[in-house]
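One structure is given below, encoded as structure tokens.
Computed from a prediction, not measured in an experiment: that's the story for all the values here.
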Amino acid sequence: MSDVKISRALLSVSDKSGLVDLGQALARHNVELVSTGGTAKALRDAGLDVRDISDLTGFPEMMDGRVKTLHPKVHGGLLAVRDNPEHVAAMREHEIGAIDLVVVNLYPFAQTVAKGAGRDEIIENIDIGGPSMVRSAAKNHAHVAIVTDPSDYAELIAALDANGGMTSLDFRKRLAAKAFSATAAYDSMISSWFSFADQQQFFPDMLPAVMNRQEELRYGENPHQKAALYLPAGPHSKGIAQARQVQGKALSYNNYNDADAALELVSEFRDSGPACVIVKHANPCGVATGATLLQAYEEAFACDTVSAFGGIIAVNRPLTAADAEAMTQIFTEVVIAPDADAAACAIFEKKKNLRLLLTGELPDPARTGFALKTIAGGYLVQSRDNGRITKTDLKVVTKRAPTEQELADCLFAWTVAKHVKSNAIVYAKDGATAGVGAGQMNRLESARIAAWKAKDAAEKAGWAEPRTIGSAVASDAFFPFADGLLAAVEAGATAVIQPGGSIRDEEVIAAADEAGLAMVFTGMRHFRH
């Protein structure tokens with residue numbers, strides 16, 4: 001028979017939420033409750049009859065509770081195959097009673113680490129008996145039900161009430177699968193702590209990566225692909241995956257990808273004045289700062305009004321009604337902000353398909369962490385690109401030094417170029433992008449495309465000249481030849497920021513001097529493939 005009557009349950013939980021309700025439900029079905037320590041006390045305090053684990057095993061809990069469930073009368077009762085005559089005979093000979101249900105959640109290891117506890121306390125919160133019972137019960141799911149998550153108590157109670165105190169095999173299979181996932185995640189967090197925190201290994205021999213599925217998405221990058229959103233099981237920084245969606249239809253795979261790109265870039269300005277980023281297909285098509293968010297948005301939008309259609313907007317300050325009015329004049333997929341007032345939300349609400357995401361604080365652009373990429377047969381893992389450049393890091397390599405305004409525009413363009421797919425060329429003037437060239441196979445074409453886009457923007461806006469005239473230009477990697485720089489000169493740039501490091505640096509510097517440009521080297525590149 002696949003249905004199993006629950007006659008005896010072993011309960012040992014760190015998280016006591018829902019415990020009493022579960023205990024009362026089990027008691028209604030005449031289930032004998034066996035428990036340990038604080039769990040037993042909580043059940044007794046609720047007026048329930050509980051048998052101590054020491055009474056079951058014949059041994060007291062010892063060594064500060066380290067040894068209490070590691071006993072043959074526990075694991076024999078969990079692992080015995082009930083329809084195997086030899087197992088039944090062994091149970092009878094050694095007076096081992098069957099345990100039909102185990103309810104366990106493990107010591108709060110991750111929470112102990114997160115609160116900054118000392119090493120000894122962290123080690124004490126490595127559960128041994130709990131995972132052992134979970135694995136024994138899950139292995140023997142043909143006869144034993146294992147519950148590791150308080151959110152499953154209600155389903156367990158409903159199953160018992162509907163089936164006369166019995167559980168079905170299908171239900172126990174699902175619980176067993178979840179139980180093995182729980183112990184795998186638990187061990188992964190312990191392994192990670194030992195590797196990264198305790199042993200200070202940057203790239204450990206084994207890289208544990210356990211994630212919980214947050215939601216299945218409609219499809220992947222293309223309709224024939226499947227997709228889902230997963231969150232790290234352990235401690236992690238917050239970002240687009242934790243944003244509160246105020247309105248709009250569910251986010252797609254591409255929405256998440258593009259929104260993440262927008263959030264990462266706007267976070268570079270989290271400690272500066274109002275800033276706006278517009279992203280299309282994971283590349284910024286317009287970025288600007290301003291005295292107000294509205295001004296920043298209008299300047300960013302003016303950079304490329306065509307690409308902005310159906311794009312992602314991200315800002316670094318709470319949104320007001322004036323901002324919302326401007327942003328809803330064209331079709332926009334997603335708007336991201338730390339917050340939005342009621343008037344702004346009411347305006348966005350009129351655009352039913354627009355997703356409004358509120359993030360609270362913006363992520364720290366200088367945070368550490370890993371970037372992971374799949375390749376055929378493996379994974380590439382690297383530290384995330386959190387490199388940042390300040391004025392003091394720059395080296396002037398031309399005869400003419402940049403003015404203060406040129407220097408500010410150089411640093412602004414450099415910040416944006418970090419988030420543009422290579423080969424990246426970004427023109428900027430007065431705290432706004434003038435033209436963005438992305439993802440080309442050579443730097444010269446990126447420079448030309450960015451200049452062309454700036455001319456197109458000027459024509460659409462009715463400006464007398466493109467904003468590349470008098471601009472600063474950033475290149476995410478060095479100019480291998482002078483031709484890319486000369487294209488920038490032709491576009492009207494007066495200052496250049498680039499990493500340097502080419503074997504032809506002297507040739508490029510000479511070309512800059514001849515054109516009267518100011519050029520600074522960063523000594524750092526920002527390839528983003």
Side-chain angles (χ1 to χ4, degrees), residues 238-240 242-248 255 258-280 283-351 353-365 408-409 411-413 415-416 418-420 426 428-434 436 457 460-461 463 467:
K238 293 183 178 180
I240 207 68
Q242 287 75 31
R244 179 170 68 91
Q245 184 169 349
V246 176
Q247 67 161 71
N255 291 151
D258 292 349
D260 179 67
L263 180 64
E264 289 281 21
L265 176 46
V266 84
S267 295
E268 299 277 2
F269 301 97
R270 74 174 193 163
D271 298 321
S272 65
C276 177
V277 170
I278 304 176
V279 161
K280 188 69 170 291
N283 268 311
C285 56
V287 183
T289 57
T292 64
L293 271 187
L294 178 58
Q295 182 187 6
Y297 168 72
E298 289 172 343
E299 292 293 306
F301 178 69
C303 180
D304 188 346
T305 57
V306 175
S307 298
F309 186 87
I312 310 284
I313 299 172
V315 297
N316 67 343
R317 293 288 184 274
L319 292 160
T320 65
D323 306 322
E325 283 286 2
M327 292 175 185
T328 53
Q329 295 306 303
I330 67 164
F331 170 61
T332 299
E333 289 278 5
V334 182
V335 174
I336 307 159
D339 204 352
D341 64 24
C345 289
I347 293 168
F348 284 123
E349 191 176 3
K350 298 174 185 176
K351 301 290 184 179
N353 290 329
L354 182 149
R355 293 87 157 183
L356 176 60
L357 304 180
L358 302 182
T359 63
E361 290 188 5
L362 300 178
D364 181 2
D409 286 336
L411 288 170
F412 177 85
T415 299
V416 176
K418 174 183 174 182
H419 294 265
V420 178
V426 176
K429 184 178 181 180
D430 298 330
T433 51
V436 179
K460 286 182 168 61
W463 299 332
R467 290 198 294 201

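Applying the side chain to side chain donor-acceptor pair (under 3.5 Å) criterion to Gln295, with sequence neighbours excluded, gives no partner residue. Applying the side-chain contact (heavy atoms from CB on, under 4.5 Å) test to Cys303 and every residue at least two apart in sequence or in another chain returns Thr433, Arg467. The side-chain contact (heavy atoms from CB on, under 4.5 Å) search around Lys460 returns Thr305, Val306, Asp456, not counting sequence neighbours. Not counting sequence neighbours, the partners of Val420 by the side-chain contact (heavy atoms from CB on, under 4.5 Å) test are Asn283, Pro284, Val416, Ala424, Val426, Val436, Ala438. With sequence neighbours excluded, no residue forms a side chain to side chain donor-acceptor pair (under 3.5 Å) with Thr359. Checked against side-chain contact (heavy atoms from CB on, under 4.5 Å), Ala461 has the following partners two or more places apart in sequence or in another chain: Trp463. Considering only residues two or more places apart in sequence or on other chains, Lys418 meets the side chain to side chain donor-acceptor pair (under 3.5 Å) condition with Glu268. Remark: Glu333 engages Arg355 in a salt bridge (Lys or Arg N to Asp or Glu O under 4.0 Å) (not counting sequence neighbours). With sequence neighbours left out, Thr320 forms a side chain to side chain donor-acceptor pair (under 3.5 Å) with Asp323.
When side chains are defined from C-beta on, Tyr297 does not count as touching Val315, because their heavy atoms never get closer than 4.5 Å.
What you find for Leu319 and Leu356 is that their closest heavy atoms are CD1-CD1, 4.1 Å. Shortest non-hydrogen contact noted between Glu325 and Thr328 is O-OG1, 3.2 Å. Here the shortest heavy-atom pairing between Asn316 and Phe269 reads ND2-O, 2.8 Å. Leu293 and Pro318 make their closest contact through CD1-O, 3.5 Å (heavy atoms, listed as atom of the first residue, atom of the second, distance). The two atoms that bring Ser307 and Lys280 nearest to each other are O-NZ, 3.3 Å, heavy atoms only. Counting all heavy atoms, side chain and backbone alike, Gln247 lies closest to Gln245 at O-NE2, 3.2 Å.
The CG atom of Leu358 lies 14.0 Å from the CD atom of Gln242; values are rounded to the nearest 0.5 Å. Within the model, atoms CG of Leu265 and CD1 of Ile312 stand 13.0 Å from one another, a figure rounded to the nearest 0.5 Å. Rounding to the nearest 0.5 angstrom, the gap separating the NZ atom in Lys351 from the CD1 atom in Ile330 is 10.0 Å.
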Task: Worked check of side chain to side chain contact (heavy atoms under 4.5 Å, CB included) between Arg270 and Asp364 - done: CA-CA 8 Å; Arg270 74 174 193 163; Asp364 181 2; 3.6 Å; yes

Anything under 3.5 Å between a donor and an acceptor, one on a side chain of residues 334-349, the other on a protein residue two or more places apart or in another chain? List them.
| from | atom 1 | to | atom 2 | distance (Å) |
| --- | --- | --- | --- | --- |
| Asp341 | OD1 | Ala343 | N | 3.2 |
| Asp341 | OD1 | Ala344 | N | 2.7 |

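Legend: salt bridge (charged side-chain N to carboxylate O under 4.0 Å, His left out) pairs involving residues 302-320, not counting sequence neighbours, sorted by first then second residue: Asp304-Lys453. Counting only residues at least two apart or on different chains, the ring pair (Phe, Tyr, Trp, His ring centres under 6.0 Å) pairs with a member in residues 314-339 are Phe309-Phe331.
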